[in-house]
J.: 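Below: one structure in structure tokens.
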Amino acid sequence: MNIALKAKSRLQCKIPIHDRAAEQSCLALLQSCNSLPKLAQIHSRILKLGLLNNPLVLTKFTATSSDLNAIDYATSVIFSPESDTLLYDTFLFNTIIRAYAQINNLKTNSIECYNLMLEYGVSPNKFTYPFVLKACAGIGDLNLGKSVHGAVLKFQFGDDIHVQNTLVHMYGSCEGGIELGRKVFDEMSERDSVSWSAMIGGYARLGLSTDAIDLFRQMQISGVCPDEITMVTVLSACTDLGALEVGKWVESFIEKQMVNRSVGLCNALIDMFAKCGDVDKALKLFRSMNGRTIVSWTSVIAGLAMHGRGLEAVALFEEMLEAGVPPDDVAFVGLLSACSHCGLVDKGREYFDSMKNDFGIIPKIEHYGCMVDMLCRSGRVKEAHEFIQKMPIEANPIIWRTLISACCARGELKLAESITKRLIGNEPMHESNYVLLSHIYAKLLRWEKKTKIREVMDKRGMKKIPGSTLIELDNEIYEFVCGDKSHHQSKEIYEMLDEMGRKMKKAGYVPTTSEVLLDINEEDKEDALNKHSEKLAIAFALLKTPPGTPIRIVKNLRVCNDCHSATKFISKIYNREIVVRDRHRFHHFKDGSCSCRDFW
DNA sequence: TAAGTGCAAC
């Protein structure tokens, strides 16, 4: 739909005379309308009464419905050449701007409509800007947002708290806008829970989760009472960090401060517990809640899959079907990844077909990704390769990397090499491709080629994403990077590391030096491995926590082969359960083995 | 007629 085009021709149109009584009766009907079928009835009445060109009626029609067809219908009539321009007012424009701002992919229609409003000389009011800014946030265009901000100031709505709140939200949703959002936030004379939620949410979305949690602490000092949405936002920051202790604290805070937990809040708690390592708690919470939504089910199913408990995830999916909840595409991603993680290839294939045939869901790249992973894990590398070539959509780098890892694990090194080289051609600045290639060369014993990779990376000016590990102790979050010496107990940590190394070697641990990308001698390679952030974090935890208690750490990247092998030894030697969350899944180390069964 | 939030393949 092109609003502007439809509007152009109608500036000169004549003013029709309306039947006021009919208008009133229609408005009253719309007032009590609460369902789409009812709306359709009213629609036919509008037609019968000849009120098609009555903007008042159509505005109400638009406002009552969140149905896209109704909105499009109403706008096309409102802006048709026959409609009554003299009845165009702020309310009408606000309604349409709001309607489009609420629908994904149609946010630009909101902006188009707002521009039209200015073009016709209809004045925006303080209710206009929250809608317009919401649309800007959805589009994520910082320059657009800035220009609307300019208009806000020009029309002198800059002091309105709702406008300010949406400005914060808008800047927080646009790339590079967070600082400007913070400026608006800092300059506000008064802040309510929405202001704080918008700012905390901005940090959380950008992955600045520690900033989000810090700001939440400041909010408590400020005396503004957080609401459900604030808590959902803070929980998403906890989830991102893997900060289970902070998450638990948030849960108790919710219990103390709030009477009822909304479904949304419960879903956020479930997701937090699952992704912070306590999937049993997530399950318990899920069992205790009323009014579960598809998001609740999906969060637990995906959570179980992530912890390697695929069979339980599949059972839960079946339970969901029995409960009469129709699965959506996201639920199938969780289910298929569960099948993949517990080796249910045939069952997985059945579900994949059923998704299309029984539920009419067209598989997306993520679903194909699950299928490739499933075939790879069960050792059917060739089949996986054929599957990729037959896919109706083009494979993405994630899928290719899955296949490459499987090739390496199964000794299909030549195939791995050729795919990796092609991938580097497509994504020359993606570090993990080079790491993969270097592993392949190490396995092929092609040391000279392996050495060259580092040079290529340097020449292309690539920055290595530094590996880091988070650990939470006594409500504090500690971060370790490779070779970190910044901790005040650094000396003790490195002594612990030496002790761990000695005990591990005695138990039969051999460092996987082929992991190291640098061109250095074997001894230095061992040293480089030994300083990996996850080993530092584990050493720190062994020092600071009572014997026998579980250790939980969160790694920002995928855990490396050497750390994986070392952690297995450590779990046995020190008799500790070690729960490692990496970029993609959980590893539960216990008594010398890992829940991922060495495939990740 | 006003704001803010939650599930996704490696």
Side-chain angles (χ1 to χ4, degrees), chain A residues 59-60 62-63 89-99 125-131 133-134 137 157 160-170 172-173 192-202 204-205 226-236 239 262-272 274-275 293-303 305-306 328-341 363-374 376-377 395-406 432 436 557-558 582-585 599-600:
Chain A
T59 303
K60 194 74 199 170
T62 312
D89 66 356
T90 306
F91 192 177
L92 179 143
F93 277 103
N94 285 358
T95 309
I96 301 167
I97 292 170
R98 178 181 63 171
N125 63 11
K126 65 172 183 176
F127 299 117
T128 312
Y129 282 99
F131 303 141
L133 288 165
K134 190 177 177 177
F157 297 122
D160 183 90
I161 188 164
H162 296 110
V163 174
Q164 290 169 335
N165 286 345
T166 21
L167 277 168
V168 172
H169 174 239
M170 178 278 291
S173 308
D192 60 12
S193 68
V194 178
S195 329
W196 288 94
S197 302
M199 197 63 233
I200 294 170
R205 265 195 308 278
D227 59 21
E228 280 178 20
I229 303 226
T230 321
M231 302 321 279
V232 170
T233 311
V234 173
L235 280 171
S236 80
T239 307
S262 69
V263 175
L265 190 50
C266 282
N267 291 347
L269 279 167
I270 289 173
D271 189 46
M272 182 278 292
K275 292 210 183 109
T293 64
I294 183 73
V295 177
S296 333
W297 290 92
T298 308
S299 300
V300 199
I301 292 169
M306 214 179 277
D328 64 5
D329 55 336
V330 186
F332 270 103
V333 174
L335 172 71
L336 293 174
S337 102
C339 291
S340 167
H341 283 285
K364 296 204 288 193
I365 192 80
E366 289 93 338
H367 301 104
Y368 288 104
C370 289
M371 295 312 287
V372 171
D373 186 57
M374 200 180 289
C376 285
R377 272 174 202 275
N396 62 12
I398 297 177
I399 289 185
W400 286 120
R401 276 193 284 275
T402 305
L403 184 67
I404 294 164
S405 297
S432 68
L436 275 172
L557 307 171
R558 184 180 172 273
D582 75 5
R583 197 72 224 148
H584 306 298
R585 59 164 295 149
F599 201 122
W600 75 97

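Order of the sequence lines sets the chain letters (A, B, ...), proteins ahead of strands, with each chain counted from 1. Hydrogens, waters and symmetry mates are skipped; everything else that's a heavy atom, side chains included, is used.
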J.: Measure the spacing between OH of A/Y129 and CD1 of A/I97 and express it to the nearest 0.5 Å.
T.: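 Taking OH in A/Y129 and CD1 in A/I97, the distance rounds to 8.5 Å.
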
J.: At under 4.0 Å between heavy atoms, what does A/L133 touch on the DNA or RNA strands: base, sugar-phosphate, or nothing?
T.: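 Nothing, no nucleic acid heavy atom in range.
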
J.: Of all the choices, B/dT5, B/dA8, B/dC10, which nucleotide is nearest to the side chain of A/V232 once you look at every atom?
T.: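 Closest nucleotide to the A/V232 side chain: B/dT5.
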
J.: The side chain of A/F131 is closest to which nucleotide in this list: B/dC10, B/dA2, B/dG6?
T.: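 Nearest to the side chain of A/F131 among the choices is B/dA2.
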
J.: Would you please confirm or rule out a distance under 4.0 Å between OP1 or OP2 of B/dT5 and any side-chain N or O of A/R205?
T.: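 Indeed, a polar side-chain atom of A/R205 lies that close.
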
J.: Expressed in angstrom and rounded to an integer, what is the separation of A/M170 atom CE from B/dA2 atom P?
T.: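 The answer, rounded to whole Å, is 20 Å.
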
J.: Tell me every residue that passes ring-ring contact (aromatic ring centres under 6.0 Å, His included) with A/F332, counting only those two or more places apart in sequence or in another chain.
T.: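 For A/F332, the residues satisfying ring-ring contact (aromatic ring centres under 6.0 Å, His included) (neighbours in sequence not counted) are A/F317, A/F359.
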
J.: What's A/I301 touching, base or sugar-phosphate or nothing? Going by heavy atoms closer than 4.0 Å.
T.: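 Contact class for A/I301: none.
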
J.: Among B/dA8, B/dC10, B/dA2, find the nucleotide with the atom closest to the side chain of A/R401.
T.: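 Within the option list, the nearest is B/dC10.
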
J.: Which nucleotide sits closest to the side chain of A/K126: B/dA2, B/dC7, B/dG6?
T.: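 Of the candidates, B/dA2 comes closest.
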
J.: Nearest heavy-atom pair of A/L336 and A/M374: which atoms, and what distance?
T.: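 Smallest heavy-atom distance, with atoms named: O-CE, 3.4 Å.
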
J.: At 4.0 Å (heavy atoms only), tell me whether A/G201 reaches a base, stays on the sugar-phosphate, or touches nothing.
T.: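 No contact.
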
J.: Can you tell me if A/K134 touches the phosphate of B/dT5, counting only side-chain N or O atoms and a distance under 4.0 Å to OP1 or OP2?
T.: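 The answer is no; no side-chain N or O of A/K134 sits under 4.0 Å from OP1 or OP2.
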
J.: Under 4.0 Å, heavy atoms only, any strand: does A/N267 hit a base, just the sugar-phosphate, or nothing?
T.: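 If one applies the 4.0 Å heavy-atom cut-off, A/N267 turns out to touch a base.
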
J.: Report the distance from atom CG of A/L336 to atom P of B/dC10, rounded to the nearest whole Å.
T.: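 So the two atoms are 11 Å apart, to the nearest Å.
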
J.: Nearest to the side chain of A/K364, which nucleotide is it out of B/dT1, B/dA8, B/dG6?
T.: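 Minimum distance to the A/K364 side chain belongs to B/dA8.
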
J.: What's the closest nucleotide to the A/F91 side chain, out of B/dT1, B/dA2, B/dA8?
T.: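 Of the options given, the side chain of A/F91 lies nearest B/dT1.
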
J.: With no angle test and no hydrogens, is the base of B/dA2 tied to the side chain of A/N94 by a donor-acceptor pair under 3.5 Å?
T.: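 Flag unset: no donor-acceptor pair detected.
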
J.: How many whole angstroms separate atom CD1 of A/I398 from atom P of B/dA9?
T.: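 Going from CD1 in A/I398 over to P in B/dA9 covers 9 Å.
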
J.: Over how many whole Å does the gap from A/I365 atom CD1 to B/dA9 atom C1' extend?
T.: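 Those two atoms, CD1 and C1', are 9 Å apart.
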
J.: Do A/H169 side-chain atoms and A/L133 backbone N/O form a donor-acceptor pair below 3.5 Å?
T.: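 Pair absent, no side-chain N/O of A/H169 close to backbone of A/L133.
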
J.: A/H341 has a side chain; which of B/dC10, B/dA8, B/dA2 sits nearest to it?
T.: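 My answer, after comparing the listed nucleotides, is B/dC10.
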
J.: Mind calculating the distance between CE (A/M231) and P (B/dT5) to the nearest angstrom?
T.: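 About 16 Å, once rounded to whole Å.
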
J.: What contact category does A/T95 fall into here, base, sugar-phosphate, or nothing, at under 4.0 angstrom with non-hydrogen atoms?
T.: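 Contact class for A/T95: none.
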
J.: Within this structure, what is the CG-OG1 distance for the pair A/D271 and A/T239, rounded to the nearest 0.5 Å?
T.: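 Going from the CG atom of A/D271 to the OG1 atom of A/T239 covers 5.0 Å.
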
J.: Not counting sequence neighbours, which residues clear side-chain hydrogen bond (donor to acceptor under 3.5 Å, both in side chains) with A/N165? List them please.
T.: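 In terms of side-chain hydrogen bond (donor to acceptor under 3.5 Å, both in side chains), with neighbours along the sequence ignored, A/N165 is linked to A/D192, A/S195.
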
J.: Which of the following nucleotides, B/dT1, B/dA2, B/dA8, is nearest to the side chain of A/V330?
T.: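 Minimum distance to the A/V330 side chain belongs to B/dA8.
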
J.: Whole-Å distance between B/dA9 P and A/H584 NE2?
T.: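 It is 9 Å, rounded to the nearest whole Å.
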
J.: Answer with base, sugar-phosphate or nothing: what part of the nucleic acid does A/D271 contact at a heavy-atom distance below 4.0 Å?
T.: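 A/D271: backbone/sugar contact only, no base atoms under 4.0 Å.
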
J.: Show the numbers, then the answer: is there a side-chain hydrogen bond (donor to acceptor under 3.5 Å, both in side chains) between A/T90 and A/N125?
T.: CA-CA 7 Å; A/T90 306; A/N125 63 11; 5.2 Å; no

J.: When the distance from NZ of A/K60 to P of B/dT1 is rounded to whole Å, what number comes out?
T.: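 The answer, rounded to whole Å, is 7 Å.
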
J.: State which of B/dA8, B/dT1, B/dC10 makes the closest approach to the side chain of A/R98.
T.: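 Among B/dA8, B/dT1, B/dC10, the one nearest the side chain of A/R98 is B/dT1.
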
J.: Take the protein atom CD of A/Q164 and the nucleotide atom P of B/dA2, then report the distance between them rounded to whole Å.
T.: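 In whole Å, B/dA2 P lies 18 Å from A/Q164 CD.
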
J.: Using a 4.0 Å heavy-atom cut-off, does A/R585 contact any base of the nucleic acid, only the sugar-phosphate backbone, or nothing at all?
T.: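 Here A/R585 touches no strand at all.
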
J.: Side chain of A/F127: nearest nucleotide among B/dC7, B/dT1, B/dG6?
T.: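 The answer is B/dT1.
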
